[in-house]
Amino acid sequence: MASGADRISNLPEGVLHHILALLPAQDAVRTCVLAQSWRDHWRSVPAVRFAGPTDWAGGVDVLIPFVDGLLRARRRVAPLDSCEFDLDLDESDVPKIERRGNSWIRRAMRLGVWELFFRFSVTTRRFAFTLEERRLASQHLTRLELMGVQGNNAVLDFSGCPALEHLKMEECDVSSTEIQSPSLKYLTIQYCLFYTNYRTRMWFPSLVSFDLIANVGRVPMLESMPSLETAVYVFIRDLDWCPAFSKLKTLVLSEWFVTADLGALLWFIFHAPLLEELTLEVSVEHKKLIKKDGSYQPFEQSIATTHLQSVEIICKHVNRIVCKILKALNSIGIALEIIRIQCSDHFSYLVSVIHLCVLISTPTGCDMWWVIDGPSRLLKWSEGTAATNQIDFIADLL
């Protein structure tokens with residue numbers, strides 16, 4: 001600046017700390033050379049992010065002493081709100097980091113961290129960081145995110161973290177017969193590996209939101225979750241683990257529910273009496289209906305409740321599976337007018353209760369209507385023949 005004034009240094013300390021918290025830790029520390037007044041700002045930044053060491057000169061041999069030194073320097077200064085480890089390693093560096101990584105996690109927790117993120121990846125192949133077999137203990141930790149780690153019974157017992165409310169596990173090897181937390185409210189487990197010969201027991205009595213997405217292995221066994229309100233469930237196995245979801249209001253089910261008798265879908269609806277929003281993701285063809293061991297007995301009475309406000313079916317196109325779902329939902333008392341079908345071919349269908357009324361919104365913005373009465377009789381459609389084949393197909397399926 002022409003005047004030579006240092007306006008940045010005159011900013012409030014809280015603003016300076018917020019700016020430094022957005023930088024990788026090594027860059028935040030480098031600001032100590034800017035001026036005498038900047039010498040110690042990095043010591044009290046509320047959030048620290050360690051990233052590397054693939055882009056570091058000296059690699060892991062420089063990263064390790066840097067992290068050790070910074071965490072040591074944080075003692076007896078301002079509390080640490082957030083600590084993030086984003087480690088992208090060469091395979092040869094894994095043993096060195098494993099010796100220090102567990103120590104870093106626990107040192108961060110001793111600093112009173114509220115949010116802890118530990119992400120581990122190896123450039124050449126998937127490689128899990130092995131968490132040591134010790135329970136985590138913190139009175140302050142409220143959020144924990146783990147990626148690329150291997151767990152165990154001790155470290156996945158979060159009863160020593162009474163303030164923990166948010167847990168996310170991604171691309172992890174669970175390697176535990178149980179996961180538990182009395183305080184957890186929001187849980188996401190995706191792309192993780194469970195045991196193939198044993199069901200992991202999960203106990204989260206305070207859980208209100210649960211996403212279990214695209215995991216491998218046996219479906220975990222869930223204990224009662226009386227507070228659960230939102231669930232996204234994407235797995236390839238059975239439902240025997242499921243408790244009743246007395247407070248569940250929002251549910252997303254992926255293609256695994258498309259069993260031959262749709263019993264899995266009906267089971268979920270029956271065991272979620274307060275369900276308000278249901279989303280069904282269908283991507284399989286009618287010749288690939290999932291055959292499930294055992295069977296579900298059809299419900300003789302209507303199980304639809306007045307709480308269900310909307311059902312959305314997401315699919316590539318309307319096929320026999322979609323029509324079968326419509327019939328199943330209607331047979332248990334779910335009115336067709338609350339069902340919307342969203343296709344990846346940009347068509348959007350609104351279904352009515354007496355006739356099958358379909359509104360198509362095409363990419364060009366042209367709206368077309370048709371009404372089908374009975375199993376196959378087409379009553380009317382708007383001008384234009386672009387959708388004629390699709391109309392005939394739907395009419396033939398019903």
Side-chain angles (χ1 to χ4, degrees), residues 9 13-90 92-122 129-150 154-155 158 160-164:
S9 297
E13 187 177 71
V15 176
L16 292 177
H17 287 171
H18 178 73
I19 294 173
L20 293 181
L22 300 176
L23 300 175
Q26 65 270 29
D27 293 333
V29 172
R30 290 189 182 111
T31 62
C32 69
V33 302
L34 295 178
Q36 182 67 25
S37 61
W38 284 76
R39 182 174 180 178
D40 294 316
H41 276 310
W42 63 271
R43 295 178 182 269
S44 52
V45 172
V48 176
R49 183 167 68 90
F50 300 104
T54 53
D55 56 348
W56 283 50
V60 69
D61 293 327
V62 174
L63 173 70
I64 289 176
F66 173 80
V67 177
D68 285 340
L70 192 149
L71 292 177
R72 190 181 308 114
R74 293 285 314 203
R75 291 182 297 182
R76 296 183 296 277
V77 295
L80 185 60
D81 296 344
S82 175
C83 186
E84 181 175 353
F85 298 91
D86 198 349
L87 306 176
D88 186 9
L89 304 172
D90 292 326
S92 59
D93 293 329
V94 170
K96 298 178 182 178
I97 288 293
E98 281 194 330
R99 286 194 291 269
R100 303 302 303 159
N102 284 290
S103 172
W104 294 342
I105 291 173
R106 298 184 186 278
R107 288 168 69 178
M109 297 181 72
R110 287 197 295 270
L111 292 173
V113 67
W114 293 355
E115 299 181 342
L116 179 60
F117 307 86
F118 192 89
R119 306 183 187 95
F120 180 89
S121 63
V122 178
F129 175 92
T130 304
L131 296 173
E132 62 182 347
E133 198 164 349
R134 290 173 54 192
R135 282 176 54 185
L136 299 176
S138 171
Q139 299 296 312
H140 307 282
L141 187 67
T142 62
R143 179 186 293 271
L144 176 63
E145 293 193 12
L146 301 171
M147 178 178 177
V149 305
Q150 179 178 346
V155 76
F158 299 105
C161 301
L164 184 64

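Nothing here was measured: the structure is a model prediction, and the numbers come from that model. Start at 1 with the first residue, then count along the sequence.
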- Item | Exercise: identify the closest heavy-atom pair between Ser82 and Phe117 | OG-CE1, 3.6 Å

- Note on the structure: Note: Leu80 and Pro46 closest approach over all heavy atoms is CD1-O, 3.6 Å

- Task: Please tell me if the side chains of Val155 and Gln150 come closer than 4.5 Å, counting only heavy atoms from C-beta onward.
- Result: no

- Query: Nearest 0.5 Å, what's the CD1-CG distance between Ile97 and Asp90?
  - Reply: 11.0 Å

- Message: Strictly distance-based, threshold 3.5 Å: is any side-chain N or O of Asn102 a donor or acceptor partner for the main-chain N or O of Thr130?
- Response: yes

- Query: Between CG of Leu131 and CZ of Phe118, what distance do you get to the nearest 0.5 Å?
  - Reply: 7.0 Å

- Note on the structure: Shortest non-hydrogen pair, Arg143 vs Leu164, comes out as N-CD1, 3.9 Å

- Rounded distance (nearest 0.5 Å) linking atom CG of Leu71 with atom SG of Cys83: 6.0 Å

Counting only pairs under 3.5 Å, give me each side-chain donor-acceptor contact of residues 105-116, with atom names and distances, residues two or more places apart or in other chains.
from, atom 1, to, atom 2, distance (Å)
Arg106, NE, Glu132, OE2, 2.6
Arg106, NH1, Arg135, O, 3.2
Arg106, NH2, Arg134, O, 2.9
Arg107, NH1, Asp68, OD1, 3.3
Arg107, NH2, Asp68, O, 3.0

- dist His140:NE2 -> Cys161:SG (nearest 0.5 Å) comes out at 11.0 Å

- Item | Contact summary for Gln26 and Ala51, nearest pair of heavy atoms | NE2-O, 4.1 Å

- Query: Can you tell me how far the CZ atom of Phe120 sits from the CG atom of Leu89, to the nearest 0.5 Å?
  - Reply: 5.0 Å

- Item | Beyond-backbone contact of Leu87 with Leu63, side-chain heavy atoms, under 4.5 angstrom | yes

- Using the ring of each side chain (for Trp, its six-membered ring), is Phe85 parallel, tilted or perpendicular to Trp104, with breaks at 30° and 60°? parallel

- Taking all atoms of both residues into account, what is the closest heavy-atom pair of Asp88 and Val122, and its distance? OD1-C, 4.5 Å

- Task: Drop me the distance from Leu141's CG to Phe158's CZ, to the nearest 0.5 angstrom.
- Result: 8.5 Å

